[in-house]
Amino acid sequence: MEQVPYQTRELAFARLVDDVQACRRCPRMEGRRRVLGRANGPLSARLLFIAEAPGRLGADVSGVPLTGDRAGRTFAALLEAGGFERSAVFVTNAVACNPRDAGGRNDRPTAREVANCGPYLARLMAIMQPDWVVTLGAVALDAVRRIAPHGLVLARDVGRPVAWNGRRLVALYHPAPRALIHRPLPVQRGDYQHLAALVATEG
Ligand code: SF4
């Protein structure tokens with residue numbers, strides 16, 4: 001993969017962060033934190049994890065994707081199971097802001113919101129050029145499909161790497177409690193160990 005010069009990458013990322021921080025495309029995200037910045041991870045990371053959306057008790061408070069709530073704690077344990085250092089991977093979401101329902105609870109982002117935020121995700125990938133893109137859950141898998149087509153279906157293809165958009169794409173389940181019903185924690189631990197083996201053997 002061709003490397004982007006360090007300064008060019010830093011400048012492009014700073015512009016992207018500015019644009020995201022100023023974004024007002026999604027009406028129900030008014031007042032929410034825009035979770036994209038240096039705390040997401042190093043731009044030189046080889047692995048880019050994409051989850052669904054910042055959580056109300058997690059990233060909307062901490063400013064760091066998948067930290068501060070139950071999903072974040074599970075994600076940390078899964079990274080550890082695979083031998084990944086959190087400081088060596090970049091973590092973001094299909095949408096940069098926390099969607100909430102009328103009752104103030106976490107909500108799934110709408111298709112419109114995912115489409116609104118898609119260009120920012122595409123810019124992030126173009127800036128980083130990660131070797132591996134790892135989606136966490138169906139929303140993230142759909143978000144990357146909007147950038148370039150892929151034939152992956154989460155339940156069928158979990159953990160199976162495919163060539164995609166100049167890099168490797170792997171679909172995993174989201175670490176949120178509701179996803180653990182479909183993919184229990186011990187199985188997800190195995191998914192991260194499998195991912196680590198893939199990265200080690202395929203580069
Ligand atoms: S989710 Fe993305 S597109 Fe929507 S307001 Fe937030 S930054 Fe903008």
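Just follow the structure's listing: the first ligand is 1, and inside any ligand the first atom is 1.
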field: Pairs involving residues 193-203, ordered by first then second residue, that meet side chain to side chain donor-acceptor pair (under 3.5 Å) (sequence neighbours left out)
entry: R168-E202
Please tabulate, for the side chains in residues 137-144, all donor-acceptor contacts under 3.5 angstrom to protein atoms that are two or more places apart in sequence or on a different chain.
unit_1	atom_1	unit_2	atom_2	d
D142	OD1	R145	NH1	3.3
D142	OD2	R146	NE	3.3
D142	OD2	R146	NH2	3.3

Side-chain donor/acceptor pairs under 3.5 Å, residues 70-85, sequence neighbours excluded:
unit_1	atom_1	unit_2	atom_2	d
T74	OG1	R70	O	3.1

message: Can you tell whether the side chains of E10 and R38 come within less than 4.0 Å, N to carboxylate O?
response: yes
Six-ring centre of Y120, R34 cation under 6.0 angstrom, axis tolerance 45°: no
task: Please check if the side chain of N40 supplies one atom and the backbone of F90 the other of a donor-acceptor pair under 3.5 Å.
output: no
query: Which count of protein N, O or S atoms is obtained for distances strictly below 2.8 Å from atom 6 (Fe) of ligand 1?
result: 1
